[in-house]
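Throughout, numbering of the chain's residues begins at 1 and tracks the sequence. What you see below is based on every heavy atom in this structure, not just the backbone, and it leaves out hydrogens, waters and symmetry mates. Everything quoted here is computed from the prediction, not taken from an experiment. Just follow the structure's listing: the first ligand is 1, and inside any ligand the first atom is 1.
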Amino acid sequence: MSENLYALITAQFPTDPAAVFLEVESGPPLLYREVDGRAARIAAALAAHGAVRGDRIVAQVDKSPDAVLLYLACLRAGLVFVPLNTAYTAQEVAFFLSDAEPAAFVCRDADRETAEALGREAGIGAVLTLGDGAGTLLDAAGRARPAGPSVARRADDLAAILYTSGTTGRPKGAMLTHGNLASNALVLRDYWGFTSGDVLLHALPIYHVHGLFVALHCALLSGARVIFQKGFAAETAIARLPDATVMMGVPTYYTRLLDAPEFTAEATRNVRLFISGSAPLLEETFAAFEARTGKRILERYGMTEVGMACSNPLDGERIAGTVGFALPGVSVRVADETGREVPRGTAGVLEMTGPNVFAGYWRLPEKTAEEFRPDGYFVSGDMAQMDDSGRVTIVGRAKDLIISGGLNVYPKEVEQCLDALPGVRESAVFGVAHPDFGEGVTGVVVPDGSVQLDPEALLDSLAGRLARFKQPKRIVVVDEIPRNAMGKVQKKALRDRYTNIYTG
Ligand code: MCA
Ligand code: AMP
């Protein structure tokens, strides 16, 4: 029997021919009954461009029903979907193309010329745009004979590669299998009680695990309706909340909602569940949200490499500052640096194993081996403690990572860009509390004396090199960077020194 996630998904579709999958801000909705036919045509158009099962398809496209259909078409055809953040610059995309070696690169209409140049450089067979004008992927799909039934896949066949950056500054492709995605999706649907009566307010981007897998799979596997918004804006979210029963978001969405006076208990009256994740939800946000709406946000914890690992309960107690319990089928432990479990209540590194845990980093077997214990537990790099009941609290990070508005920024990557700028001797990048993004990317640079350094000019120089969300919100020119006796940069000292830079 095929273990293709697509077959599992379509088997759950509602039988009601009028059932809506995606409701968009303008234009007709995408009905469940239309999904398979349209995905089959896109699959056929990709095949016509030479894509065969196991090939990667890199997509850097705007959020739209067609983008979701492209993902589903890849699953259906046994292709490996590789979504990219739309904020990545051409320079960043060039790396992903050369690393993933896709059969096709699907881009936005507006990026066509640059994408073609990048595609030629990386030797990619097909560069396609998702628009519906002549010559686009959808144009070809419209004229294609739909592909046959979905391609048989085993649980350990790859479904997607999602890139995450790393402490070395080089992004790594996390390989997720059909089995990884299916197991996590089924668990979440049931754990959070999704049914066909649910209406999910979806404002997340669909190039990350949160918006693409967690949110969409819960809806697809329950036949729920999705209010599919282009992106998050408090005003548009509040306008549609009265029609929703579930909302998922990063903490910034919840703080921005709370900043809006029109966000009231009345606006949330039909919502049975608000879910937060991707970054720590401050206890004060949890409390303010409950005070305003009478509802307790359910916080969960996950990673690109493992999908969701822990969640506060749907029916039990949701405790602010904790991420709840290991999800069914997922084993989680808090361990010392050798992988030995530490006593309950003691802080250590969070590790996990289960059918949700990824198959390794694309073409990086050594890096993969480094992140797993011999008994198969994946080392998350997050510091946590577990109480006697198994409830997990994230207490910090062992990895040098900043999470800004739910997006990960690895300081090393930003430092490498800053160090390459004329006049910079060295730099250090760190995260500091930020009222909107949770953490604000912050940099200090030491001049080499060759030119006068101006923080604004430095920021301008980063524009083509780094996605906007990775660029420091502030750069400070300093005489020296604090180091310990071993010469290691003291990031903690920097975080302490600039702790109020955004909060005044
Ligand atoms: C945009 N900007 C950012 C960010 N996003 N800067 C820092 N951090 C960000 N996250 C820049 C913009 O380019 C702009 O720059 C300025 O900040 C403000 O733009 P604004 O329009 O306010 O931004 P936005 O469009 O509102 O975006 C903020 C956002 C968005 C809504 C918080 O970043 C977002 O949707 N984040 C969610 C990310 C996500 O899905 N994470 C899940 C990863 P300027 O104006 O100066 O040019 S999956 C994951 O982590 C795991 C698996 C898990 O557990 O879920
Ligand atoms: P990503 O690499 O984008 O998948 O981000 C995964 C990281 O997000 C985790 O390793 C954590 O550091 C962080 N994260 C996700 N959910 C939470 C949460 N609820 N609380 C704290 N950190 C979280």
Side-chain angles (χ1 to χ4, degrees), residues 63 83 85-87 89 162-167 171-172 174 176 184 188 202-215 229-237 248-257 259 275-283 285-286 297-312 320-324 349-352 356 358 371 378-384 392-410 431 434 436-442 459-460 462-463 466-474 502:
K63 185 176 177 182
N85 190 324
T86 47
T89 62
L162 269 75
Y163 279 90
T164 74
S165 286
T167 43
K172 307 164 289 189
L176 295 159
N184 212 228
L188 294 176
H202 190 302
L204 287 155
I206 54 166
Y207 37 70
H208 287 305
V209 165
H210 198 161
L212 181 63
F213 299 146
V214 181
Q229 302 195 318
K230 279 264 173 211
F232 179 80
E235 198 183 326
T236 41
M248 292 186 195
V250 299
T252 297
Y253 293 9
Y254 293 112
T255 52
R256 287 190 184 180
L257 284 175
D259 284 343
I275 301 175
S276 175
S278 309
L281 180 75
L282 295 180
E283 288 183 41
T285 310
F286 179 95
I297 297 174
L298 179 152
E299 184 171 10
R300 63 33 171 206
Y301 161 90
M303 275 185 85
T304 298
E305 288 88 336
V306 302
M308 298 300 101
C310 300
S311 174
N312 271 281
T322 82
V323 295
V349 178
L350 192 64
E351 304 184 348
M352 60 282 284
N356 54 312
F358 74 134
E371 314 244 335
F378 173 67
V379 183
S380 71
D382 289 304
M383 301 295 293
V392 175
T393 301
I394 306 292
V395 295
R397 283 176 216 139
K399 50 194 173 189
D400 192 14
L401 163 70
I402 303 166
I403 305 184
S404 170
L407 292 173
N408 290 4
V409 181
Y410 277 88
H434 188 287
D436 186 29
F437 294 119
E439 287 180 279
V441 179
T442 309
L459 281 172
D460 288 347
L462 291 179
L466 272 181
R468 182 75 191 94
F469 72 87
K470 297 181 194 169
Q471 295 169 29
K473 298 290 174 211
R474 287 278 179 85
Y502 303 111

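If you number the atoms of ligand 1 from 1 as listed, the ones under 4.0 Å from a heavy atom of Gly302 come out as 54 (O). Listed by number with element, the atoms of ligand 1 under 4.0 angstrom from any heavy atom of Leu407 are 10 (N), 33 (O), 38 (C). Residue contact check: Thr304 has heavy atoms under 4.0 Å from atoms 52 (C) of ligand 1. Residue-ligand proximity, Met303 to ligand 1, at heavy-atom distances under 4.0 Å covers atoms 52 (C). Interface atoms of ligand 1 facing Leu204, defined by a heavy-atom separation under 4.0 Å, are 40 (O).
Using a 4.5 Å cut-off on side-chain heavy atoms (C-beta onward), Glu439 and Pro280 make no contact. No side-chain heavy atom of Val441 sits less than 4.5 Å from a side-chain heavy atom of Gln471. Looking only at side-chain heavy atoms (C-beta outward), Met303 and Phe378 come within less than 4.5 Å of each other.
Within the 4.0 Å heavy-atom cutoff, Pro205 counts among the residues contacting ligand 1.
Of all protein heavy atoms, the one closest to atom 11 (C) of ligand 1 is Lys473 NZ, 3.9 Å. Of the protein's heavy atoms, Arg300 NH1, 2.6 Å lies nearest to atom 54 (O) of ligand 1. With hydrogens left out, the protein atom closest to atom 41 (N) of ligand 1 is Gly406 O, 2.9 Å, a heavy atom. Scanning the protein heavy atoms around atom 45 (O) of ligand 1, the nearest turns out to be Arg468 NE, 4.8 Å. For atom 28 (C) of ligand 1, the closest non-hydrogen atom on the protein side is Arg256 NH2, 3.7 Å. In this structure, atom 55 (O) of ligand 1 lies nearest to the protein heavy atom Ser278 OG, 2.6 Å.
Sorted by chain and number, the residues within 4.0 Å of ligand 2 by heavy atom are Ser278, Ala279, Pro280, Glu299, Arg300, Tyr301, Gly302, Met303, Thr304, Val323, Asp382, Arg397, Lys399, Ile403, Asn408.
Listed for the Ser380 side chain is a donor-acceptor partner under 3.5 Å among the backbone atoms of Asp382. For Asn312 (side chain) and Glu299 (main-chain N/O), a donor-acceptor pair under 3.5 Å exists by modelled atom type. The backbone N or O of Gly431 lies less than 3.5 Å from no partner atom in the side chain of Thr442, so there is not a single donor-acceptor pair. Using a distance-only test at 3.5 Å, with no hydrogens or angles considered, a donor-acceptor pair links the side chain of Lys63 to the main chain of Leu204. The main-chain N or O of Gly211 is found under 3.5 Å from a side-chain atom of His202 such that the two form a donor-acceptor pair. Distance alone, capped at 3.5 Å, places no donor-acceptor pair between the Asn408 side chain and the Ile403 backbone.
Note: no N/O pair closer than 3.5 Å links Thr252 and ligand 1 by distance alone. Checked by distance only, ligand 1 and Ser404 come closer than 3.5 Å through their nitrogen or oxygen atoms.
There is a protein heavy atom closer than 4.0 angstrom to atom 48 (S) of ligand 1. Within a 4.0 Å radius of atom 1 (C) of ligand 1, the protein has no heavy atom.
Separation of atoms CZ (Arg300) and OG1 (Thr322) is listed at 13.5 Å; rounding is to 0.5 Å.
No side-chain N or O of Tyr163 forms a donor-acceptor pair with one of Thr304 less than 3.5 Å apart. His434 and Arg474 share no donor-acceptor pair across their side chains, judged by distance under 3.5 Å alone.
Around atom 31 (C) of ligand 1, the closest heavy atom drawn from Tyr253, Phe437, Phe469 belongs to Tyr253. Of the options Gly405, Ala463, Ala279, Ser276, the smallest heavy-atom separation from atom 30 (C) of ligand 1 is shown by Gly405.
Under the 6.0 Å cut-off for aromatic ring centres, Phe286 and Tyr254 do not qualify, their centroids lying 6.0 Å or more apart.
By the criterion of a heavy-atom distance under 4.0 Å, both the backbone and the side chain of His210 are placed next to ligand 1.
Take Tyr253 and apply the side-chain hydrogen bond (donor to acceptor under 3.5 Å, both in side chains) test, not counting sequence neighbours, and it matches no residue.
Scanning both residues, Pro251 and Ala279, for their nearest heavy atoms gives CG-O, 3.4 Å.
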